[in-house]
Each structure stands twice: as C-alpha cells, then as structure tokens.
Amino acid sequence: MSVRTRFAPSPTGFLHIGGARTALYNWLYARHHGGEFVLRVEDTDAERSTAESMNVILDGLKWLGMDWDEGPGVGGDHGPYHQSERADIYDRYLAKLEEAGHTYEDEGAIRFKVPDKMITVKDTVCGDVSVNLKEQGSRRFEQETKQEVEANPDIVIKRPNGGYIFHFVNVVDDIEMGITHVIRGEDHLSNTPKHLALYEALGVDPPIFAHIPLNLNQNGSKMSKRDEGALIHEYQENGFLPDAVNNYMALLGWSGKDDQEIFSLKELKERFGLSGVNKSNSKFDYDKCLWVNAEHLKKLSPEALAAASAPFLEKAGIPSDDSRVPAALELARDRAQRLIEVPEVIATIFADEVIYDQASVDKVTSKDTSAQAVAALIAGLEAATEWTLDSIKPTIVTAAESIEVKMGMLMLPCRVAVMGSTSGADLIPVLELLGQEEVVKRLKGFAEKL
RNA sequence: GACCCGUUCGUCUAGCGGUCUAGGACUCCGCCCUUUCACGGCGGCAACACGGGUUCAAGUCCCGUACGGGUCGCCA
C-alpha cells in the first residue's frame with residue numbers, strides 16, 4: 001500500500017515546535033515508506049491568513065530539510081493546496097451530503113446530522129477509542145459560567161457567511177488528496193469520531209489515524225510561543241543545526257527502542273515508525289536540546305562547519321576568507337553548543353584590540369605575581385626563534401623556569417593578556433594563530449595595566 | 001462538569017509476566033585526563049502515582065482512586 005501523509009498548518013505566522021514535530025513525523029513516515037508527503041494550507045479562517053504568515057511556515061520546513069511532493073510552491077495533481085481556493089470542491093461534497101439527507105439548515109448555517117451510535121477510532125498509537133457523538137454533543141460546557149447547557153450535537157460544517165468549518169474541509173481534503181495516514185497531535189483525538197462520521201456519511205473508507213502525544217513546556221502546560229525553544233526560526237537564529245532540531249523533536253515522543261539518541265536525518269528516515277511513538281505527553285527540555293545540537297556540531301565535516309558558521313561569523317565581523325578561520329572553527333567546535341556561540345569563542349583571534357573581560361582581568365591583576373609572570377612571558381616569547389604549535393609550549397615552560405614557577409602559573413595571565421578572558425579557546429593554538437608579533441604586542445599592552 | 005487519553009529517576013525514555021537489587025540519556029555532584037579552556041573517560045545522586053485484584057510470579061494484565069493532559073465553537 002502506498003503511503004501519503006500530510007501536514008496541514010494554518011498560517012499563524014510562526015512555525016511552532018509542536019507543528020514542526022507533527023510535520024516531521026508525517027514526513028518521516030512518508031519517506032520511510034517511500035511514499036509522498038503533502039503540504040496543505042488550512043486558511044479557511046481568512047482573517048489570520050496572509051501570504052507572509054504562510055511563508056514563515058514554509059521557510060521553517062525548508063530550513064529543517066522537509067521537502068514536500070505536493071503543495072504550495074511545487075504544485076501537484078490534487079491542488080489547489082490552499083483551502084481558501086477549494087470552495088467548489090467543498091460545495092460538491094456538501095451536495096453529496098445534502099442529497100443523502102445528512103444535513104439541514106440551522107439559522108443560515110449547515111449542520112451535519114451526527115449518528116446516534118458508538119463510533120470507534122482505531123488509532124495506531126492510542127488503540128481503540130469509542131464515543132457516541134449524539135450523547136456527547138447534547139451537552140456543552142460553558143467555560144465562563146462553568147455550567148453544562150443543552151446543546152445541538154449536530155456539527156456545523158458551513159457558516160452562514162459561506163465559509164466551511166475545519167472538520168468538514170479536513171475530511172474532504174484528506175479524501176480528495178488521497179491521504180492514507182493522518183498523523184496529528186493528540187488534541188485531535190476527541191475530534192476524530194466526528195471525522196469518522198463524516199467519512200461514513202460520504203461513503204469513503206477513512207485513513208489510518210495516529211495521534212501523537214503533545215509537547216508541553218516545563219510547567220506541564222501546552223507550549224506557547226513565549227516558551228523558550230517554541231519557535232523554529234529562533235533555532236535558526238541561535239545557531240542550531242536543522243538535523244539537531246529534527247533529532248530532538250523526534251525524540252520527544254518517539255524512541256528507537258535502543259540506547260541511540262543521536263540520529264542523522266537519514267538514520268531517522270530509516271528507523272522511524274509509528275510503533276516507536278509513545279502515548280504520554282512530554283515536557284520540552286532546552287538543555288537536552290542544546291546537548292543534541294552540540295553532538296551534531298561535533299560530527300560536522302570541516303566544510304559543513306564552515307558553511308554553517310558563515311552567517312554567524314559575518315554578523316560578528318569575522319572575515320570568512322581569513323586563512324585562520326578553519327583552524328579557529330576547530331577550536332570553537334568543542335566548546336560551543338550553538339553556532340551563535342562560535343564568534344564569542346574565537347572573536348579575539350580576529351580582533352584588532354583585545355576585549356577584556358573585567359572579572360577575568362581582576363582575577364589576574366589581584367595576584368601580585370602576575371606582573372612578573374607577564375614580564376617573563378614577554379621576554380620568553382619575544383625571544384623565540386620558532387613559532388609553531390609544538391614550539392610554543394616549551395617556550396612558555398622555559399619562561400616559567402626563568403622565574404622559578406610552574407607553567408601553570410603563566411597560563412592564566414597569558415590567557416587573559418592575549419585573549420581577554422579566563423575562558424575561551426585552547427590557548428596555545430590561539431597563540432600560534434595570532435603570530436608572535438601580535439602576541440607580544442598584546443602582552444605588552446596588558447603589562448601596562450599591571 | 002461530561003467524555004476521551006495518559007501516569008517508570010527533576011526531564012526525555014528502555015521495559016511488551018520471570019533475565020528488574022529497573023537499563024540508557026540530559027541536568028547536577030565527585031574523581032581522572034589536561035602544567036591553560038574545553039572535549040573526553042570513570043563514578044555518584046535519583047523513578048515503577050496509590051489501593052485492590054489475577055497469577056507460582058506484576059513496572060509489565062484487570063478494576064478503582066488520585067494526579068496530569070485533551071475535547072466539548074458558526075477556531076484550526
């Protein structure tokens with residue numbers, strides 16, 4: 001059986017991590033089975049839908065590396081892919097429903113008669129879930145008054161203004177687009193009996209449903225766009241790798257059932273399956289997401305690292321054609337969890353002036369041995385006849401011996417004098433990259449502070 | 001409130017009746033490596049929500065309770 005999945009976002013102006021994760025599961029499932037992934041825009045609610053708000057979502061998906069076989073920008077045989085342009089299709093389906101006597105008018109709106117019987121959702125993740133819509137819908141809970149009131153269980157499928165309602169268009173589109181597997185958030189589980197009733201009234205076999213658990217924030221409530229890590233474009237801006245984000249999203253609700261946690265997109269594609277999806281909601285953990293990104297960073301080829309870092313270097317004013325950049329990036333890769341941290345680690349190498357971190361400076365200047373240490377460093381390093389990775393360390397050792405201290409006593413002052421901070425990249429390679437002249441210059445500049 | 005779903009370390013999870021004195025990962029804490037910063041290595045803290053069953057045997061099956069989440073729109 002061929003597989004066709006879909007992601008059907010409404011254009012809200014943000015690609016939310018929950019939505020991206022749903023998209024990912026659908027995409028992964030389709031790709032794993034060699035099937036198709038369809039993108040459809042649910043913009044029936046015209047007020048909040050703009051081209052721009054949709055582009056944000058498309059850009060997010062593209063950045064993550066999810067391609068769609070049909071949908072906005074690529075076309076396909078089942079278009080149009082914006083619900084706002086599919087009115088005639090909905091009209092056609094509504095006529096079918098009307099003919100079969102499944103609908104009636106109610107104050108200008110069209111309602112669908114809900115059957116008075118148990119409807120069972122056979123969910124791939126959640127198992128069988130049964131409900132009687134007529135019974136259920138005959139009462140409604142009013143949030144404001146906290147009261148149950150009588151209600152019409154028959155669902156509205158068309159508004160008096162002619163607009164169609166989600167449940168109806170969702171079902172029609174999935175039928176028309178030949179969707180075989182509907183993978184969506186568990187918040188839709190309770191809606192699914194309505195959809196099943198619609199499928200039956202239309203005389204169409206429903207697709208396979210899989211409702212995936214929700215991602216919650218640290219407080220255990222639904223993630224909102226204010227929560228850290230909620231918006232995909234922020235990952236991009238902060239220097240996360242797309243594959244790392246995919247990796248982390250996949251892990252939120254899916255497991256490969258072994259101890260592997262770091263997956264490339266390709267591996268995810270090979271291994272993803274609905275049987276690995278679990279039933280309970282998960283809380284988003286930014287720290288773990290950072291760790292996953294760091295792991296992906298470590299695995300990047302030098303070329304890929306350079307390419308991914310380029311925008312961040314540019315923003316920091318580091319010339320990417322500087323011959324020292326590749327070496328500097330290697331120094332940064334192990335201590336940055338995100339690309340945005342890369343410039344912080346290596347900026348001092350490319351800076352004309354050392355930018356001193358006051359706390360680091362204080363730490364060094366408060367020691368009365370520091371002046372002597374810096375003097376020894378200047379003397380030793382200035383006199384060096386060789387300046388290579390291998391030669392610098394012995395030179396510093398010799399300088400330390402000249403004032404009868406251990407090398408460790410010189411490293412911190414040297415670090416702060418040259419790099420401006422007690423933390424940062426590996427010192428010796430930085431010295432090598434900077435060159436003898438620059439290092440001595442920086443040491444002398446720092447000596448004046450003492 | 002009614003209905004639906006869920007409940008293993010703080011968090012993500014493994015576990016599909018015996019191999020569980022419950023495994024891995026993140027975080028945190030030690031130690032080692034490093035005469036610098038990290039990476040890394042090793043180790044530690046830490047969980048089967050509760051109560052009843054079923055069974056020779058239950059984290060694993062069943063039923064309750066509690067807690068959490070979801071749905072109940074002429075939003076999607």
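Bear in mind that the values here come from a model prediction, so they are computed numbers and not experimental data. Chain A is the first sequence line, chain B the second, and so forth, proteins listed ahead of strands; every chain is numbered from 1.
Side-chain nitrogen and oxygen atoms of A:K393 include at least one within less than 4.0 Å of the OP1 or OP2 phosphate oxygen of B:rU35.
The distance from the OH atom of A:Y104 to the CG atom of A:L97 is 12.5 Å, given to the nearest 0.5 Å. Remark: A:W254 CH2 to A:L274 CG distance equals 11.5 Å, nearest 0.5 Å. For the atom pair CZ of A:F272 and OH of A:Y25, the computed distance is 5.5 Å after rounding to the nearest 0.5 Å. Taking OH of A:Y90 as the reference point, atom NZ of A:K158 lies at 12.5 Å (rounded to 0.5 Å).
If you check B:rG70, B:rG24, B:rG1 against the side chain of A:E148, the one that comes closest is B:rG1. Of the candidate nucleotides B:rA76, B:rU36, B:rC12, B:rA76 has the atom nearest to the side chain of A:N191. The side chain of A:K279 approaches B:rG6 more closely than any other nucleotide in the set B:rG6, B:rC3, B:rC74. Each of B:rA2, B:rG69, B:rG24 was ranked by its minimum atom distance to the side chain of A:Q136; first place goes to B:rA2. The listed nucleotides are B:rC75, B:rU36, B:rA25; the one nearest the side chain of A:R159 is B:rC75. Nearest to the side-chain atoms of A:K257 among the listed nucleotides B:rC75, B:rG24, B:rG15 stands B:rG15. Side chain of A:D287, nearest nucleotide from B:rU7, B:rC26, B:rU71: B:rC26. Among the nucleotides B:rG23, B:rA76, B:rG69, the one closest to the side chain of A:E42 is B:rA76. Each of B:rA25, B:rA76, B:rC74 was ranked by its minimum atom distance to the side chain of A:H167; first place goes to B:rA76. The side chain of A:S282 lies closest to B:rU13 when the candidates are B:rA76, B:rU13, B:rG40.
Taking atom CG on A:N281 and atom P on B:rU71, their separation rounds to 11 Å, with Å as the unit. In this structure, the CZ atom of A:F166 is 12 Å from the C1' atom of B:rU71, given to the nearest Å. When rounded to the nearest whole Å, the span between CD of A:E341 and P of B:rC39 equals 12 Å. Counting to the nearest Å, the P atom of B:rA76 and the NZ atom of A:K225 are 17 Å from each other. Atom-to-atom, CG of A:L189 to C1' of B:rC72 comes out at 13 Å; the value is rounded to the nearest Å. We find that CG of A:N247 is positioned 15 Å from P of B:rA25, with the value rounded to whole Å. The separation between A:L331 atom CG and B:rA38 atom P is 14 Å, rounded to whole Å. Between the CG atom of A:N278 and the C1' atom of B:rU11 there is a distance of 13 Å, rounded to whole Å.
When the P atom is used for both B:rG44 and B:rA57, the distance is 34 Å, rounded to whole Å. Spacing between B:rA47 and B:rG59 at atom P, rounded to whole Å, works out to 15 Å. Nucleotides B:rG10 and B:rC32 place their C1' atoms 28 Å apart, quoted to the nearest Å. Between the C1' atoms of B:rA49 and B:rU7, the separation comes to 7 Å (whole Å). Across the P atoms, B:rC39 and B:rA76 are found 49 Å apart, a figure rounded to whole Å. The gap from the C1' atom of B:rA22 to that of B:rG17 amounts to 15 Å, rounded to the nearest Å. Taking the P atom of each, B:rU21 and B:rC4 are spaced 37 Å apart, rounded to whole Å. Here the separation of B:rC74 from B:rC67, taken at their P atoms, is 31 Å to the nearest Å.
Between the side chain of A:D187 and the base of B:rU71, no donor-acceptor pair of N or O atoms lies under 3.5 Å. Applying the 3.5 Å distance criterion, the base of B:rA25 shares no donor-acceptor pair with the side chain of A:D285.
If you check every strand for non-hydrogen atoms under 4.0 Å, A:K158 touches nothing. A:G253 comes within 4.0 angstrom of sugar-phosphate atoms only, judged by non-hydrogen atoms across all strands, and of no base. Among the protein residues, A:S221 comes within range of no part of the nucleic acid, since none of its heavy atoms lies under 4.0 Å from any strand. At a threshold of 4.0 angstrom between heavy atoms, the contacts of A:E107 include nucleobase atoms, whether or not backbone atoms are also involved. As judged by a 4.0 angstrom heavy-atom cut-off over every strand, A:L252 is placed among residues touching the sugar-phosphate backbone only. A:V345 comes within 4.0 angstrom of nothing in the nucleic acid, heavy atoms only. As judged by a 4.0 angstrom heavy-atom cut-off over every strand, A:R415 is placed among the base-contacting residues.
Aromatic ring centres of A:Y248 and A:F284: separated by under 6.0 Å. A:F446 has its ring centre less than 6.0 Å from the ring centre of A:Y356.
Place A:A8 and A:G220 on RNA chain B by their nearest nucleotides, and A:G220 ends up nearer the 5' end. Two residues, A:G137 and A:D128, neighbour RNA chain B, and the one matched to the more 5' nucleotide by heavy-atom proximity is A:D128.
Of the nucleotides present, B:rC42 is the one that pairs with B:rG30 by Watson-Crick or G-U wobble criteria, both distances under 3.5 Å. Shown here, B:rA66 forms a base pair with B:rU7; the pair counts as Watson-Crick or G-U wobble because both key distances fall under 3.5 Å. With a cut-off of 3.5 Å on both pairing distances, the Watson-Crick or G-U wobble partner of B:rG1 is B:rC72. Nucleotide B:rC61 is matched to B:rG53 when pairs are restricted to Watson-Crick or G-U wobble geometry with both distances under 3.5 angstrom.
In this structure, the aromatic ring of A:F141 is positioned over the six-membered ring of the base of B:rG1, centres within 5.5 Å and planes within 30°.
Using a cutoff of 4.0 Å between basic side-chain nitrogens and carboxylate oxygens, A:K117 and A:E200 are scored as salt-bridged. Checked for salt-bridge contact, A:R271 and A:D258 meet the test: a charged N lies under 4.0 Å from a carboxylate O.
Nucleotide B:rC39 is shown with a syn base, its glycosidic torsion being within 90° of 0.
Using cut-offs of 30° and 60° for the angle between ring planes, the A:H195 and A:F166 rings count as perpendicular.
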